[in-house]
Amino acid sequence: MMPSLLNAARRRQLGWLIANGIAQALGALASAWLVHSLFAQLAHDTFQFGATMLSAIGIAFAAMAVAWLRVKERAWAEAMGQDYVSELRLELFDCLSAVSLRALSSHSRGGTLLRFIGDLKAMKRWVSLGIARLAVGCVSLGVALLALAWLNGWMALAAATALLVGALSAVLLGKYVDAAVREARKHQARLAANVNEKISHITVVRAFDQGAAERQRVARQGERLKTAMVEQARSLAWLRAVGDTTSGFSLAAVLAAGAWQIAEGEATIATVIAAMTAVGILLPSFRDLGLVYGYWTSAKVSQERVVEFLATPALVREVADAQDLQVTKGALEFRDAELKGSVKGFSGAAAAGKVTAIVGPNGAGKSTLLALAARLLDPDSGTVLLDGQDLATASLRSVRRHVALVSQDLPLLRGTVKHNLRYRNPGVSEDEYQRVIRECRVDEILEGLPKGERTRVSDAGTNLSQGQRTRIALARALLDNPTVLLLDETDANLDPRSAAILDEILERYTGTVLIVTHRIERVARADWVWMLDGGRLVESGPSHALLSGDGPTASFFGSAVLKAV
């Protein structure tokens, strides 16, 4: 849900900005009054050097005061905008943390990144440069026009008419600006999505020698973006031009009305000059108001995208007053678990302290089953229980405490090796930290790294070998001794040393293990096997019995069974 644009704190900030606008108007009026006094003296031949100097000093101080107020206005407006986007950024991150991977896949990574950068920037501009300037500018101009009306009603009417025409002209440009902003936003998203994908999968581009083709694609997208951005700049420039033109017309209108009033004997030259001074000081605020519509248009487009993202379905939702799991053994059970398109009425029990191997063809629902066990997903129907307690009603914190997952979809993160090792529980004791390092043989890895545990890990750990990444990921998962360990093809592509270390870890581990694997020797060491196909459990039983039989499991592994059994 989008945070409130004007919560209690930001209403106070807006109040200060309005007060600032009033002070700016008063400063402008003080300058106008001093100018009026000065020219009145000259008109009546009552020139006095001391009084003139005081008026000049007063005008200078008024100008400095208005300048200082504008500096404060910008700082306060920026603070209000940053406060809002900070709150919105956290809402976006909370949504990103909770959204299902299936739903997230409907958004490109580049588009998602644009939510956190481009869209937040547009929203910040609207709050700090739009709302803030709208409040300050309207208040300043309102006070100035009232004072101008007190000086001379016709000059005030002339200025107000010119300002109104300018405001209507800006509104009429609205459709043009809106279309230009949307077009630029569309091409930004497309280019960001493409570049982000190529950064993540540049090896695919290299492997198939498509560098030149992809370069041409980026060039085409960049050209379209350039055209769209130029058109957006042109539309915003027209808004600025309207503001500048309106400023000139306002001064001309006040001058014309003043000349007519002088001719009618209703005003003096001093009054006209004072009125033009006040209008001239406040017109920069109106020129800023000419861009407010552009800020609002950009923010409106970004808000639509942000609202769409925040409405993305969450993968799990913690129920009110969720209780912590009370785990004693670690028995994991699925009862008629159903997830549309993946798992179909699955029922099975993994005995506490035993290893259950999950096998089957690609797309059988094996990884999805582990995601349900880790409560990264909630079933559409049915239940997943740990020691008889429904995971869907338990607190997420306690589920994460008792269930750990190792998967290729959970890569190492940027940062130090130590940061990755402690990621599951940064506040873990040093004894527990060292225990896991030893049991997973990570100490051997640290000895070979240039800075040991302070060595930086690149994106997804690509500066480490597959075996090193797997052992660090295992250590990360085993920190704090979870009750259930879920392994999703963790043994794939391991070197013999790392595979042997994984065997040792599983032999020592006293908790419950579910392992998705295609390695027949790993299945043979398991206590129990679940054979899945099409999201359904087609066979279940002791590993030796299934591998030596003539059922789906033995057929799946084929001749490899004879060598392993």
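Quick caveat, the model's predicted, so the values are computed rather than measured. Throughout, numbering of the chain's residues begins at 1 and tracks the sequence.
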>> Does K354 have more than 12 heavy atoms from other residues, nucleotides or ligands lying within 6.0 Å of its NZ?
In response: no
>> Checking F334 against V343 for the side-chain contact (heavy atoms from CB on, under 4.5 Å) test, could you report, in this order, the C-alpha distance in whole Å, the side-chain angles of both residues, the deciding distance, and whether it holds?
In response: CA-CA 11 Å; F334 297 84; V343 176; over 6 Å; no
>> For a 4.5 angstrom cut-off between non-hydrogen side-chain atoms, does F556 reach H518?
In response: yes
> Going by atom types only, do W528 and S540 share a side-chain donor-acceptor pair under 3.5 Å?
Replying inline: yes
>> Counting C-beta onward and ignoring hydrogens, is there a side-chain heavy-atom pair between Y509 and E439 closer than 4.5 Å?
In response: no
> Got K451 and T416 here, is their nearest side-chain heavy-atom distance under 4.5 Å?
Replying inline: no
> In terms of heavy-atom contacts, does NZ of K198 have more than 12 from other residues, nucleotides or ligands at under 6.0 Å?
Replying inline: yes
> When you check the gap from the basic side-chain N to the acidic O, do R536 and D533 get nearer than 4.0 Å?
Replying inline: no
>> Q82 vs V85, test: side-chain contact (heavy atoms from CB on, under 4.5 Å). Steps then yes/no.
In response: CA-CA 5 Å; Q82 291 293 345; V85 297; 3.8 Å; yes
>> Check this for me: Y423, atom OH, are more than 12 non-hydrogen atoms of other residues, nucleotides or ligands nearer than 6.0 Å?
In response: no
> Does the side chain of R10 come under 3.5 Å of the side chain of Q13 through a donor N or O and an acceptor N or O?
Replying inline: no
> Just wondering, more than 12 heavy atoms not from K329 lying within 6.0 Å of its NZ?
Replying inline: no
> Within a strict 4.5 Å, meaning less than it, do heavy atoms of the S498 and T470 side chains meet?
Replying inline: no
> Can you find a side-chain donor-acceptor pair between S367 and D488 that sits under 3.5 Å?
Replying inline: yes
> Below 4.5 Å, heavy atoms only, C-beta onward: do E183 and Q232 meet side chain to side chain?
Replying inline: no
